[in-house]
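For clarity, every value in this text was computed on a predicted model and none was experimentally measured.
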Amino acid sequence: MVNDRHLDPNALVGEWNFERRIVDRRAEVTKRVAGTTTIEDAGDGRLRWYESGTLFDGDLELPVFRTLFIEQHDGEWAVTFEDGREFHDWAPGDDVEHLCGADTYRGRIDIDVEEAATDSQAAWSVEWTVTGPSKDYTMTTHLARSS
């Protein structure tokens, strides 16, 4: 994969199916989420990154969703939460970090943006390892273009 923090996230605009695996080392369980990610022009210079799906935890099935934004700050792209708080730099191929209270989120986006923009079989991934006083899990998401 070609990884470069300067790759334009506009190449991701569209709908993606995702599978997410959450390995919780503290609880010694693995959960799964399946759903859809839509990346679209928010109309204000930002890209809206919306996920919706179902969390599978044993016999439990719960609807889940979240909204993030990808926006430019001083010419560089960054990912923010829905309420505008900064999450992390847009840095495909590089490790990023987000501190949330006593928890540390270390993540990475791997993508070939050129392929994503032109190939109906394109795929990308996002991985987070989260540690803290009450958290110890890895969350890996694989995304593929919707057909």
Side-chain angles (χ1 to χ4, degrees), residues 1-27 29-57 60 62-119 122-146:
M1 285 188 183
V2 175
N3 294 304
D4 182 337
R5 70 177 305 136
H6 300 290
L7 292 174
D8 190 339
N10 282 290
L12 299 178
V13 168
E15 190 167 288
W16 302 83
N17 294 321
F18 76 84
E19 287 284 333
R20 177 173 293 145
R21 184 173 171 197
I22 305 165
V23 178
D24 187 331
R25 288 174 289 281
R26 186 155 300 189
V29 298
T30 298
K31 302 172 187 178
R32 185 175 70 85
V33 180
T36 303
T37 296
T38 302
I39 298 180
E40 61 190 358
D41 185 340
D44 58 4
R46 301 181 299 166
L47 295 175
R48 181 177 180 260
W49 177 342
Y50 178 74
E51 298 179 348
S52 64
T54 302
L55 169 71
F56 300 92
D57 182 6
L60 186 62
L62 295 171
V64 293
F65 58 91
R66 75 172 175 174
T67 301
L68 300 170
F69 288 93
I70 307 170
E71 58 188 61
Q72 285 194 309
H73 295 169
D74 299 322
E76 297 288 331
W77 290 98
V79 179
T80 66
F81 292 104
E82 185 173 18
D83 64 7
R85 290 177 298 127
E86 290 190 24
F87 187 12
H88 60 84
D89 291 339
W90 174 256
D94 290 341
D95 295 332
V96 295
E97 185 173 277
H98 172 74
L99 302 177
C100 183
D103 301 318
T104 301
Y105 289 68
R106 289 184 176 87
R108 182 181 178 102
I109 297 171
D110 283 309
I111 183 167
D112 183 327
V113 174
E114 182 176 307
E115 179 180 278
T118 60
D119 185 352
W124 53 297
S125 65
V126 180
E127 181 168 288
W128 288 100
T129 298
V130 183
T131 56
S134 61
K135 295 180 181 178
D136 185 9
Y137 67 87
T138 299
M139 182 169 61
T140 305
T141 305
H142 295 283
L143 300 100
R145 278 252 187 239
S146 297

Within the 4.5 Å heavy-atom criterion, are S52 and T37 side-chain neighbours or not?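 Not touching, per the 4.5 Å side-chain cut-off.
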
Sub-4.5 Å side-chain heavy-atom contact between V13 and D41: no

Before you tell me yes or no, could you show the steps for E76 and D89 under side chain to side chain contact (heavy atoms under 4.5 Å, CB included), namely the whole-Å CA-CA distance, both residues' side-chain angles and the distance that decides it to 0.1 Å? CA-CA 8 Å; E76 297 288 331; D89 291 339; over 6 Å; no

How many angstroms lie between [atom1] in [X] and [atom2] in [Y], if you round to the nearest 0.5 Å?
| X | Y | atom1 | atom2 | answer |
| --- | --- | --- | --- | --- |
| S125 | F18 | OG | CZ | 14.0 Å |
| I70 | R46 | CD1 | CZ | 11.0 Å |
| L68 | T80 | CG | OG1 | 7.5 Å |
| L143 | E19 | CG | CD | 10.0 Å |
| I39 | E51 | CD1 | CD | 8.5 Å |
| E127 | H142 | CD | NE2 | 7.5 Å |

Any chance you could lay out the side chain to side chain contact (heavy atoms under 4.5 Å, CB included) test for W16 and R145, step after step, and finish with the verdict? CA-CA 4 Å; W16 302 83; R145 278 252 187 239; 3.3 Å; yes

Partner of I109 under side chain to side chain contact (heavy atoms under 4.5 Å, CB included), chosen from L12, V96, V126, D94: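 Among the candidates, only V126 passes.
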
Measure up the W128 and F87 rings against each other and bin them: parallel (under 30°), tilted (30 to 60°), perpendicular (over 60°).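 W128 and F87: parallel rings.
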
Does the distance from a Lys or Arg side-chain N to an Asp or Glu carboxylate O, for E82 and R66, drop under 4.0 Å? no

What closest approach, in Å, do [X] and [Y] show between heavy atoms, and which atom pair accounts for it?
| X | Y | answer |
| --- | --- | --- |
| S146 | N17 | OG-OD1, 3.3 Å |
| D103 | P133 | OD1-CD, 3.6 Å |
| D24 | R26 | OD1-N, 3.0 Å |
| F69 | F81 | CD1-O, 4.2 Å |

Where do R25 and T138 land on the side chain to side chain donor-acceptor pair (under 3.5 Å) test, with the steps shown first? CA-CA 8 Å; R25 288 174 289 281; T138 299; 2.9 Å; yes

Under the side chain to side chain contact (heavy atoms under 4.5 Å, CB included) rule, what do Y105 and M139 come out as? Steps first, then yes or no, please. CA-CA 10 Å; Y105 289 68; M139 182 169 61; over 6 Å; no

If only atom types and distance count, is the side chain of R21 paired as donor or acceptor with the main-chain N or O of K31 below 3.5 Å? no

Going through the distances and angles, do D57 and L62 end up as a side chain to side chain contact (heavy atoms under 4.5 Å, CB included)? CA-CA 8 Å; D57 182 6; L62 295 171; over 6 Å; no

Within 6.0 angstrom of Q72 CD, more than 12 heavy atoms from elsewhere: yes

